[in-house]
*Asks:* 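This structure is in structure tokens; I'll ask about it shortly.
Just so it is clear, the values below take in all heavy atoms, side chains as well, and ignore hydrogens, waters and symmetry mates.
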Amino acid sequence: DDNVHDLEEPSYQTHRKFMELLLRDSWVRTENPLEANLFYVPATSYSYSSNASPPTNQIARALAYVAQHFPFFNASGGRDHFIWTTGGPPARGRGPGRGTCEAAPPAAGRGPRAGPGSASPRTFGPAGSCSERTGVHGLDHVWQPYESDGVLPYSEFSLRLSKADIPHIVPILRSLPAARVVRMRLAMVRYHRAFLWAPELGGRAYEFTILALEQRLHGLWGRLWGSHRRQR
């Protein structure tokens, strides 16, 4: 549908901010796909699925187009491609809300460098914002931004609770020693820029995302995940 447009909701624009910063970054981005280690697929799924609807159909169509028109997707089975699935509450296959990066083209090799042109779904990207308060995460089976790659030490500034803990969240939080809460708040001050996308505010979300991509690239090279036959 040529009439579909990107909605101007600031909480769900990480895909646009990532694209803007990537296009400025000649150290990470390459225009020669033969130099690329990873390929970014700008599926713009939020324009089609909005905040909470599953982006599955738009992503499937975008990847089918890439697979049909670009040779690099089929060369790797899509393992070295990634997409953004910007949105709100987690949908099946989406991972964290707001700004999620999934391994599933413009081009992204040095660092990882990205090329014009896809990887199996693995989420790792940053959320759109973060306050300097201690974080509480209550989403089962969902990685928080950068968590799956070990880029940020979440235990230093946040608590992970299950959905079953929600009825007891008040006594759980009140039971935390005051000294621990102080340490966690100071740690959040230390790491909060990893969740901010505005460089003029000291935001480092883009740099942390590139670092997470590099971790994923090393995992791909080391055959740490993805579909492959076990070596004997």
Side-chain angles (χ1 to χ4, degrees), residues 11-12 14-15 17-18 21 38 52 82-103 111-112 119-199 201-226:
S11 295
Y12 306 107
T14 50
H15 61 292
K17 194 63 178 179
F18 176 81
L21 295 173
L38 294 174
F82 67 96
I83 58 178
W84 281 95
T85 55
T86 310
R92 180 174 178 82
R94 173 179 283 170
R98 297 212 172 171
T100 300
C101 221
E102 296 193 13
S120 40
R122 300 279 179 163
T123 61
F124 58 85
S129 62
C130 186
S131 69
E132 294 186 13
R133 300 177 181 177
T134 301
V136 177
H137 310 295
L139 296 174
D140 295 335
H141 313 298
V142 173
W143 290 111
Q144 294 303 312
Y146 318 114
E147 184 180 15
S148 63
D149 302 286
V151 174
L152 286 184
Y154 265 79
S155 61
E156 292 185 18
F157 59 82
S158 66
L159 294 175
R160 176 176 285 280
L161 304 179
S162 69
K163 292 176 66 175
D165 293 322
I166 291 178
H168 314 290
I169 191 169
V170 172
I172 290 174
L173 295 180
R174 286 178 175 171
S175 69
L176 293 176
R180 182 182 178 188
V181 173
V182 170
R183 290 195 302 270
M184 295 175 76
R185 287 180 172 174
L186 291 175
M188 188 69 257
V189 171
R190 178 181 179 185
Y191 294 112
H192 80 281
R193 289 182 177 84
F195 300 92
L196 300 179
W197 279 94
L201 299 179
R204 301 293 306 279
Y206 173 76
E207 288 80 4
F208 273 80
T209 300
I210 294 300
L211 179 58
L213 282 168
E214 189 168 16
Q215 294 292 94
R216 288 287 163 156
L217 178 62
H218 292 164
L220 179 64
W221 286 345
R223 300 169 69 86
L224 300 182
W225 46 262

*Asks:* Out of curiosity, Glu214 CD to Leu217 CG, how far, rounded to the nearest 0.5 Å?
*Replies:* 7.0 Å

*Asks:* Relative to the ring of Phe157, is the ring of Phe195 parallel (under 30°), tilted (30 to 60°) or perpendicular (over 60°)?
*Replies:* perpendicular

*Asks:* Only counting residues at least two apart or in another chain, list the ones meeting salt bridge (charged side-chain N to carboxylate O under 4.0 Å, His left out) with Arg204.
*Replies:* Glu207

*Asks:* Drop me the distance from Thr209's OG1 to Phe18's CZ, to the nearest 0.5 angstrom.
*Replies:* 6.5 Å

*Asks:* Kindly give the heavy-atom pair with the smallest separation between Ala212 and Val151, and that separation in Å.
*Replies:* CA-CG2, 4.1 Å

*Asks:* Partners of Glu156 by salt bridge (charged side-chain N to carboxylate O under 4.0 Å, His left out), sequence neighbours excluded?
*Replies:* none

*Asks:* Calculate, to the nearest 0.5 Å, the distance between atoms OG and CE belonging to Ser158 and Met188 respectively.
*Replies:* 8.5 Å

*Asks:* Carefully, step by step, assess His168 and Leu161 under the rule side-chain contact (heavy atoms from CB on, under 4.5 Å).
*Replies:* CA-CA 10 Å; His168 314 290; Leu161 304 179; over 6 Å; no

*Asks:* Please report the closest heavy-atom contact between His15 and Trp84, naming both atoms and the distance.
*Replies:* CB-CB, 3.6 Å

*Asks:* How many angstroms lie between atom CG of Leu176 and atom CG of Leu159, to the nearest 0.5 angstrom?
*Replies:* 5.5 Å

*Asks:* Tell me, do Thr14 and Tyr206 make a side-chain contact under 4.5 Å, heavy atoms counted?
*Replies:* no

*Asks:* Classify the ring geometry between Tyr146 and Phe208 as parallel (under 30°), tilted (30 to 60°) or perpendicular (over 60°).
*Replies:* tilted

